[in-house]
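Here is the naming used below: chain letters follow the sequence lines, and residue numbers restart at 1 for every chain.
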There are 2 protein chains.
Amino acid sequence: MGRRSIHTSDELRELIVQAATDIVDHDGLSGLSAREIAKRVNYSPGTLYNVFDNLDDLVLTIEARLLDRLAERLDLVESGGTPQHRLCRLADAYLAFTQENPKLWNLLLEHRMPTGREIPDWYRAKLGSLLTPLTDALTPLLDSFDAQEKEQAARTLWAGLHGITSLSTADKLSPIANHAAGQTVDDFVTTYISGLKNRHAN
Amino acid sequence: MGRRSIHTSDELRELIVQAATDIVDHDGLSGLSAREIAKRVNYSPGTLYNVFDNLDDLVLTIEARLLDRLAERLDLVESGGTPQHRLCRLADAYLAFTQENPKLWNLLLEHRMPTGREIPDWYRAKLGSLLTPLTDALTPLLDSFDAQEKEQAARTLWAGLHGITSLSTADKLSPIANHAAGQTVDDFVTTYISGLKNRHAN
DNA sequence: GATGTATGGATTGAGCGTCGTCCCATCTTT
DNA sequence: AAAGATGGGACGACGCTCAATCCATACATC
């Protein structure tokens, strides 16, 4: 089993992902090409296809790592204070992360799978697991809620955050919310939670 | 001044926009190409560039028309009922429109201007004007709010709606909110408004 | 009025550079 | 020798450009 390479397959995979991430972080998705990646890692374009099925597969890997980094970041948020306060800090951390990595976050928003190629299950799972810090922080507030209501509240929070961050990142859509996205996040979280408290307090 | 054409410049522009819209509506942005458009309108690819600066210019035109259609749709929402009810109906109409035109709405979400080319002002203005039905419907609820708070509330509502609709449309991001987006919209609007009412009721 | 001709915008389509992807000859280690 | 790793040319499609061509009009001539 002849191996010519200096790098193991895993190392090569790592090099490619790193180079591709650098390109996107610097130039956005439009700057990414198989030839440019190959140039940076000193391999030929064809070699990329020994490691990844295609460029979308590679992009999905970049996105997955970004989601992992976001999850780590949310884990670092301290757990003290009132539930409202904690939720605000979670939301702020989420927003901060997207603003620190605008080009990479944009990748997540603009990239689409080509028709016919499906989003793998591990990716969907990773996305779904981002909900748990929110649901955890939300539970102490929702004693009187049934399971379905809790789930719905978490979904709504997540969707709202997603809306604010994507408006803040993709300047194409934000003649509105670009400045003071932090303000919008706080307004959204505190007001929505305040509304939740109303529900069973009639 | 010889004109060879069957069509006036305006007619040709119309034909091109229509063909391009059809393509996107059927195959998404990835199916759109100058050559395919040209084939459908029976002109050569080069002719497109007499009418549009480039494909991004054309795509922006498609998007603008989509926003116009959305604005018309929101105008049709009846104005009766409580402000809450009216806001819910506005939000539902917004969601319904995006779900009736998933591929076109996706265009709005995934398309980006190439680096260096700016989003024209008329486009930003069109986007901004989508806020006014929301602010109008919101005002009766916010008597005790100052101008800044009103604006903030409208922004938050808009961003939240945007989040829910884009999760519902771009299946890449929605292992979560895909089903029952309508439920999420209603939960969001009613709960957020309920929270707003709390603010000056202490 | 009929005919010829010059004008100049409209249109074409080959061509440039780039892209993702494929594939096979080649290399290198076992 | 065997077999996996690699290089790099090739293919079709892409956005976009531009010199060449076309033809409806405007004018000149008879």
Aromatic plane relationship, B/His162 with A/His162 - under 30° parallel, 30 to 60° tilted, over 60° perpendicular: parallel

Pair B/Asn106-B/His111, side-chain donor/acceptor within less than 3.5 Å: no

Between P of C/dT18 and NZ of A/Lys39, the distance in whole Å: 9 Å

Rounded distance (Å) that lies between atom P of C/dT21 and atom CZ of A/Arg117: 6 Å

Rounded distance (Å) that lies between atom P of C/dG8 and atom CG of B/Asn50: 18 Å

Whole angstrom value for the distance that separates P of D/dC14 from CG of B/Leu58: 15 Å

Test item: B/Glu110 and B/Trp105 side chains (from C-beta on) under 4.5 Å apart, heavy atoms: no

Full working for salt bridge (charged side-chain N to carboxylate O under 4.0 Å, His left out) between A/Arg199 and B/Asp187: CA-CA 11 Å; A/Arg199 195 174 301 175; B/Asp187 173 49; 2.8 Å; yes

Between P of D/dG15 and CZ of B/Phe52, the distance in whole Å: 14 Å

For residues 33-40 of chain B, which side-chain donor-acceptor pairs fall under 3.5 Å, sequence neighbours excluded?
| from | atom 1 | to | atom 2 | distance (Å) |
| --- | --- | --- | --- | --- |
| B/Ser33 | OG | B/Glu36 | N | 3.1 |
| B/Glu36 | OE2 | B/Arg40 | NE | 3.1 |

Nucleotide C/dT21, atom P - distance to OH of A/Tyr49 in whole Å: 4 Å

B/Thr47 vs C/dT12: side-chain N/O to OP1/OP2 distance below 4.0 Å: yes

B/Asn101-B/Asp25 side chain donor-acceptor pair, cut-off 3.5 Å: no

What nitrogen or oxygen pairs link the protein and nucleotides 9-11 of chain D at under 3.5 Å?
| from | atom 1 | to | atom 2 | distance (Å) |
| --- | --- | --- | --- | --- |
| D/dA10 | N6 | A/Arg35 | NH2 | 3.4 |

pair B/Ile119-B/Tyr123: side-chain heavy atoms closer than 4.5 Å: yes

Strand contacts (DNA chain C) in residues 16-34 of chain A, 4.0 angstrom heavy-atom criterion: A/Leu32, A/Ser33, A/Ala34

Option passing side-chain contact (heavy atoms from CB on, under 4.5 Å) with A/Phe52 (candidates A/Leu58, A/Leu60, A/Val59): A/Leu58

Atom pair distance, as rounded to whole Å: CD1 in B/Ile37 and P in D/dA13: 17 Å

Check: A/Gln99/A/Ser168 side-chain N/O donor and acceptor closer than 3.5 Å: yes

Sugar-phosphate, base or nothing in reach of A/Leu12, heavy atoms under 4.0 Å: sugar-phosphate

Whole angstrom value for the distance that separates C1' of C/dT28 from CD1 of A/Ile6: 11 Å

